[in-house]
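Below, chain A is the first sequence line, B the second, and so on; all start at residue 1.
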Protein chains: 2
Amino acid sequence: MRVATQGQAESAPRIPLSRDRVLRAAVKVADEHGISALTMRRLAEELGAEAMSLYYHVAKKDEVLDGIVDLVVREINDVVDRLEVSAEGHGWKKAVRQRILSAREVFLRHRWAPAVMETRSTTSPAVLRYYDGLLGLMLRGGLSHDLAHHALHALGSRALGFSQELFDPGGGAADEKAVAEVAKMAGHLPNLAGMLGAIAHDDPDSTPGWCDDQAEFEFGLDLLLDGLERLRDAKWSSRRK
Amino acid sequence: MRVATQGQAESAPRIPLSRDRVLRAAVKVADEHGISALTMRRLAEELGAEAMSLYYHVAKKDEVLDGIVDLVVREINDVVDRLEVSAEGHGWKKAVRQRILSAREVFLRHRWAPAVMETRSTTSPAVLRYYDGLLGLMLRGGLSHDLAHHALHALGSRALGFSQELFDPGGGAADEKAVAEVAKMAGHLPNLAGMLGAIAHDDPDSTPGWCDDQAEFEFGLDLLLDGLERLRDAKWSSRRK
DNA sequence: ACCTGAACACCGTTCAAGT
DNA sequence: ACCTGAACACCGTTCAAGT
């Protein structure tokens, strides 16, 4: 029998489609079922419409992909706008670090986003705004324009909170698989096998499930930030031709 | 009229298919026409066969993708095996640097490879062998197992010679486009606009076509390597819990 | 053992047609 | 103005059938 519920599953298809609704539904599908599930037909289904209806609100699927990347980066901007940390003097490093780690948290909620981002051929305005803010922290921290410019390149995707971990591409248990592979080929991979052994010996608790992604991300990030600070203090300036 | 040529275009379809021929043809198609042109049908055409014939030599398209990544990394291993640089003492940094830049050259010949590599869920043995060699240089250079382990993570894809340049995803003139975008939105992007201005002022010759990818790659790489060396000399050891 | 033709399920997208 | 049904070209892949 039908009780007086908020007719969600029963009577949904009221509200009309819109570009915004399409994009939000696309993020939802990608979050819940992975980016490969994001087809125009599946997306339409999510909205209780037909695939062809989407084309009234977006020109091509590419526009959907551009749009969901934009949504994610705007989510990042919303988060970092709320941080409000001073960036004077030595504080710049802390401020940049905090901003990047906040961005990372957003990407961890949308694990498909980095890969999609890399396929886009245009840079979204939201990305430019994010970079502008990060650059501002560096400049206020005393980095020259030139050094800050190199810094953005050196950080690469790390500036936005993600990095290419070559042993975890699928996002699954690739790490364990790689470890097993090394063990099997230990004879041909003396150094990797030795490293595994040494680490297991030093820290017997460590699951051979292995690396703490967050810790490794922060290690690399700090290595770069420390290096940049040192260059700043050495009054580093561009090697001119 | 038909002259006595080496019947390449005329009488090709002699030699039988094989897994190896399939993979080499796949690399050729991707190199010449981009990864999006690499369909089973197109690949078969390249080989003078039907698409369905390929399935006798490879199980799925995924196997083709795994295979061509493997071919590229083996090309890298062939190149770096020929380098033979000592890695003792302070030489380790030079050796690692040279090896990575050599790997980079190979990727520059196969620009589709980094993106494909990231989609693979299994790590090819060739990649493990490459990492083993790089790790060996670091260990011989005096880095602890633990530091060298972090080093591999920190380098990320840079260890293999590529990095995510966020302003050049499509591989085209995305840089110029981004610069134009910044100019247009200068009011909302004060720091980026200021940086562009400052750099143009310092170096009036610089095309606003802009960044030297190779130089930026090396900047980031050196920042990391210098940082690692400093940690080694500071007798850095893992922060244990 | 090696290759192929027909066929299937599934894409993105067009276009004329509905309300 | 907004949505849809039928249709097209193109995927990866299966399977029974050819030599």
K.L.:
So if I take every side-chain heavy atom of A:P16 and compare against C:dC3, D:dC3, C:dT4, which nucleotide ends up nearest?
P.N.:
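Of C:dC3, D:dC3, C:dT4, D:dC3 is nearest to the side chain of A:P16.
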
K.L.:
Side chain to side chain donor-acceptor pair (under 3.5 Å) with B:H188: which residues, sequence neighbours excluded?
P.N.:
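By the side chain to side chain donor-acceptor pair (under 3.5 Å) rule, B:H188 matches no residue at all.
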
K.L.:
My understanding is that a pair needs two contacts under 3.5 Å, Watson-Crick or G-U wobble. By that rule, which nucleotide pairs with C:dA6?
P.N.:
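D:dT14 - that is the nucleotide pairing with C:dA6, both distances being under 3.5 Å.
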
K.L.:
Run the ring-ring contact (aromatic ring centres under 6.0 Å, His included) check on B:H145 and B:H149 step by step: do they pass?
P.N.:
CA-CA 6 Å; B:H145 275 109; B:H149 172 221; over 10 Å; no

K.L.:
CD1/B:I100 to OH/B:Y130 distance, rounded to the nearest 0.5 angstrom?
P.N.:
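If we round to the nearest 0.5 Å, B:I100:CD1 and B:Y130:OH are 5.0 Å apart.
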
K.L.:
Does the side chain of A:Y56 get closer than 4.0 angstrom to OP1 or OP2 of D:dC2 through an N or O atom?
P.N.:
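Yes.
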
K.L.:
In Å, rounded to the nearest 0.5 Å, how long is the span from CZ of B:R19 to CD of B:E63?
P.N.:
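If we round to the nearest 0.5 Å, B:R19:CZ and B:E63:CD are 5.0 Å apart.
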
K.L.:
What is the separation between atom CG on B:L47 and atom P on C:dT4, rounded to the nearest whole Å?
P.N.:
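Spelled out: CG on B:L47 to P on C:dT4 is 11 Å.
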
K.L.:
Which pair of heavy atoms, one from A:D70 and one from A:A126, lies closest together, and at what distance?
P.N.:
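In terms of heavy atoms, the two residues are closest at OD1-CB, 3.6 Å.
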
K.L.:
Taking DNA chain C as the partner, which of residues 23-35 of chain A come within under 4.0 angstrom of it by heavy atom?
P.N.:
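DNA chain C contact set from residues 23-35 of chain A: none.
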
K.L.:
Can you give one letter per nucleotide of nucleotides 11-19 of chain D, going 5' to 3': B for a protein heavy atom under 4.0 Å from the base, S for sugar-phosphate only, - for none?
P.N.:
BBBB-----

K.L.:
Cation-pi check, A:R104 to A:F162: give yes when NZ or CZ is under 6.0 Å from the six-membered ring centre and within 45° of the ring axis, no otherwise.
P.N.:
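So A:R104 doesn't make the cation-pi contact.
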
K.L.:
Quick one: does any side-chain atom of A:D132 pair with a main-chain N or O of B:L192 as donor and acceptor, under 3.5 Å?
P.N.:
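Yes, because the side chain of A:D132 sits within donor-acceptor range (under 3.5 Å) of the backbone of B:L192.
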
K.L.:
Does atom NZ of B:K61 have more than 12 heavy-atom neighbours, drawn from other residues, nucleotides or ligands, at distances under 6.0 Å?
P.N.:
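Yes - once you tally the heavy atoms of other residues, nucleotides and ligands closer than 6.0 Å, there are more than 12.
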
K.L.:
Pairing check on D:dA1: which nucleotide meets the Watson-Crick or G-U wobble criteria with it, both distances under 3.5 Å?
P.N.:
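Partner of D:dA1: C:dT19.
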
K.L.:
Could you state the CZ-C1' distance from A:R21 to D:dC2, rounded to the nearest angstrom?
P.N.:
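One finds 13 Å between C1' of D:dC2 and CZ of A:R21, rounded.
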
